Every structure is written in structure tokens, then in C-alpha cells.
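All figures in this text were calculated on a predicted structure; none of them were measured in a lab. Each chain gets a letter, A, B and so on, in the order its sequence line appears, and its residues count up from 1.
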Amino acid sequence: MIIVRNLWKRYGKLQVLKGLELDVNDGETVVILGRSGVGKSVLLRQLIGIEKPDDGYVEVNGIRVTHINLNANVEVMRHMGMLFQSSALFDSMPIGDNVSFYLKQHYPKLSPEEVKERVSHALDLVGLAGTEEKMPSDLSGGMRKRAALARVIVYRPSLILYDEPTTGLDPITAMQINELINKTKKELNATSIVVTHDMRSALEVGDRLAFHHEGKILHIAPKDEFLKIDDPLLHAFFKNASVSMSEGLTNG
Amino acid sequence: MAIASWTLQTLGSLGDYCMMIFQVLWISIRRPPQWRLIRDQMYEIGVLSLPVVAITGFSTGMVLAAQSFFQLSDKGLASATGLMVTKAMMVELGPVLTAFMVTGRVGAAMCAELGTMRVTEQIDAMRSMAVDPLRYLVAPRFIAGTIVLPLLTVFSCIMGVAGGYLIAVDYYNMPSNSFLDPLPLHITTFDFISGIVKAFIFGIIIITISCYRGMTTRGGAAGVGRATTNSVVICYSVILISNFLITIGLNNSHEFIVQLLDYWF
């Protein structure tokens, strides 16, 4: 269970989060929708503890992750993983080393054979078997996202955060990533929070959808009910999203 | 208003920089990084810098010898050529030129690498996996830099003296013993310690400034370029200023250091 209460975050003069509140149940996928620049990625960074909020807290499975030094608490972080918008693969390392990075850092006693086996399994799960020796620059955008997902699922976290997982991908690759998100959830029984402005992706992966506007979650509901919410802001968002969807369909 | 804002920002950055040095020192002592990471950095900073340090040291030694001999021979002081070259290389030119070469070759690359990692979210990815970037990325560079810089400086001095010897003896036909004999009499342990202390401090300056600028880079590819240029300029300036301060400090403490050395050895 993830509980976010009264979260505030400011960068210079820009107040990004303004008392944001959110509850996410175990095993569900919540998709956070919203226009670019409203602070969706900022929220994920607070959730995983990369940044500390100015006020408020995030509680993951009963532990306030905003109030502990996460570098010192590997055990808490072991349950969390994040897929970054830019994939954020370590570009000086081959894919195999990228995927095994966590295991080598935190489980030095694992035998090389065991590490190799877990890396192969994770890469197999994302459809990238046999790419261990390739460098990130040798892979396409979609493959890099999948490799980055393998780097997360190799340590089997129970909470996975996805930052714009389909942004910049063609519709078919985006669909593959959506399928992969669903497959990962099923395989790990993980709770997922997906930040996106891609409506199609939201409908494919989300159990509940949330609308982030001006630093707060304005609406949150199961996806069928969410589509029926009568709010001009949401209608404007849907309208733009459906234009991009139809453009995507035409281009695809 | 703009000056006040700039001053506040600069003081804030200085505070963050000092905090980073303390954190890296603390990590290096309490939870040192893996030996493999330190070894890789020692190779990168040390072994790969040998050619450029050799060329710099050797050519500087040659120029020093040529100028010393040319300027001193008509005053009957040509025999001081070897001593001048060696003293200058050991206490001033060796440490400073080596630090300049390492700043240009290693510091800039280090800042650009960390800056790129920062703007492409690789450092955030590391944090999200509970790996401290200061321990994984900065501490190995810090430890390697502070060990390797004094060694590179010694190498640079040896190359400088060799270059000076070559010019004085082979080009100006100065007797070999005139070049070498004054050295054991006038080159002291204090001179050696001066050079090593400077190199050690320059190592700390280069690595921490380059890493700090890299770790705080913002603004995409252009930001990486700006941070790299900025870090090199700051390193050069701080090396020159600190060289003066260390020289004054060491010279004023000469008696104390000599007594200390006598007590130890």
C-alpha cells in the first residue's frame, strides 16, 4: 500500500506539487495522466526517494520513505524500481552489466553463474535474450526501454514506477511496452504507478486512472468511471489525447 | 539585487561543494568503494596521463636548462644550471604543470562524463537502485586522484631533470658532474615534500571540482559543455591561487617542517 499525504515541492519560484494526496492499493496499476510540465515525474521522484519533498510524506508498505536515508536503507529500496523516461541505461556498460548492476552492488555473494542466470531470465522476459554483450547505443529506443525494464525486474521489486514509458516510441513499439508492463505486473504481482499522457497506454495498463493538475490529483477513479467524469479540464485533455491517438493510428 | 543574488548562489554552491568533499572523505574512510573501481580510475588518471606528463616535463626541463645556461654562463654561474632545473621542477613546475595536464586530460573528461550521466538520468537511476553515486562514482576518482597526482609529479620531475641534463650536457657541452654534483648538496627533503604536498592538494582540487561540476550539471548537452569549460577554468584558477598560498605557507613553516623531518628520520 502506498500512501501519499500533503506532498509539497518547489523548485526556485515554481511550486510544482501543492499538497498532493494519493493512495495506491497493493497489486494495482494506477496511471497518472496530465499535461506536460504539471509535475508528474516530480511525483515519481518523491515516491522513490530520489528527491525529498518540502512538506508531506510518502509511505510505502508502512515505511515513510521520505523520512529515511534511502542510500543507507537498501532493504526498503529493494522493493522499489523505476523505469526512467530516457531509459537511463549506463551507457559505458554493456546490457548484461546494466541488468546485473543491482545484484552485483547489493548481493556480492551471489555466484557469477547465478547472476548470469537471473540476467538471462530478465532479458528473456522482456524479449531481449542474447543481448548481454551489446552496448546501449547499439539498441533502438524501444529496446533500450525494455533493457531498462529488465534492469528493474531482475531484483523483483514489489513497486514499479514507470515514467512516460511509451513517449517517443512508434505505436507498435508502444503497444509492446504496454503488454510488457501488464506481463511484468502479472509475473511479479507488483504494484505499478505509470505516469503518461498517452491515453491509449493508460487504458491498456491502468486499473485506476488519476488526473494530475496544478500540483494535485484532481480526479482518481477506475478507468470506466474515469472516462465518464464531467469536468471541462478532463474533456479538453481527452480531446487532445484522442487527436494524438488518431494521429498515431494514421501514422502507424 | 543581481549582485546579492549572485553572491548568495555562489556561497550556496561553495557550501554544497564543501559538503560534498566532507561526504566523500567520510565515505572513503568509513565505506571505501570497491578496489576494482579505484584501480580503473588509477589507470585512467595515472597510466593514460603518462605520455602527456612525460612530454610536458621533458620539454619544460629542456627549456629551463637552455634558458638557465644561456642567462647564467656569461656570469660564471653555468654550474647552477642543474640545480635550477631540478629545484624549479621539484617545487613549482613539476606539480603545477602536471596538475594542468591532468586537469585538461582527466578533469574535463570526468566532468563531461558525470555531467552526461546527470542529464540523462543515469545518476538518478543509480540512486533509485540504492547505490550512492558519491560512493560509486566520486570516491574512487577521489582516492585514485590523490594517490596518482603525487606519483605523476615525481615522474614529471624525473623527465624534466632528464630533459635539462640532455640539453645542458649534450647541447651546451656542460660537464656531466657540473650538472649533477650540486644536486645532492642542495636538493633537500623539504623540496621533495613541498612538491608532493602541492601535488596531493592539486589532486584533491582537480577531482573534487570536476566531479562537483559534473554532478550538478543541468541543461542537456549545452549544459554539459558549459559545466566542462567552467570546471577547467575554475581548476586552473584555484590551482594557481592555492599554489601561491601553499608556497607561502610551506616557506613560513620551513623551520618547523625541517625539525619535524629531522625528528622522524
**Request:** Would you sort out whether M126(B) and F101(A) count as a side chain to side chain contact (heavy atoms under 4.5 Å, CB included), showing the intermediate values?
**Result:** CA-CA 9 Å; M126(B) 209 169 265; F101(A) 184 79; 4.1 Å; yes
**Asked** Would you say Y102(A) and V131(B) make side-chain contact, with heavy atoms under 4.5 Å?
**Response** no
**Message:** Are the side chains of R151(A) and M129(B) in contact, using a 4.5 Å heavy-atom criterion?
**Reply:** yes
Can you establish whether the number of heavy atoms outside [X] located under 6.0 Å from its atom [atom1] is more than 12?
{"X": "E187(A)", "atom1": "CD", "result": "yes"}
{"X": "M1(A)", "atom1": "CE", "result": "yes"}
{"X": "K134(A)", "atom1": "NZ", "result": "no"}
{"X": "Y43(B)", "atom1": "OH", "result": "no"}
{"X": "Y236(B)", "atom1": "OH", "result": "yes"}
{"X": "R39(B)", "atom1": "CZ", "result": "yes"}
{"X": "R105(B)", "atom1": "CZ", "result": "yes"}

**Prompt:** Which distance, rounded to the nearest 0.5 Å, do you find between the CG of L47(A) and the OG of S128(B)?
**Reply:** 12.5 Å
**Prompt:** At a heavy-atom separation under 4.5 Å, does L89(A) approach chain B through its side chain, its backbone, both, or neither?
**Reply:**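 Contact with chain B: backbone only.
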**Asked** Are Y136(B) and F90(A) close enough that their ring centers fall under 6.0 Å?
**Response** no
**Prompt:** Can you name the one residue among D163(A), I50(A), I48(A) that meets side-chain contact (heavy atoms from CB on, under 4.5 Å) with D124(B)?
**Reply:**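 One option only clears the test, and that one is I50(A).
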**Item:** Matching residue for E121(B) among S41(A), S87(A), S86(A) - test: side-chain contact (heavy atoms from CB on, under 4.5 Å)
**Value:** S86(A)
**Request:** Taking all heavy atoms of K104(A) and all of Q34(B), pick out the closest pair and write down the distance.
**Result:**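 Where K104(A) meets Q34(B) most closely, the heavy atoms are O-NE2, 4.3 Å.
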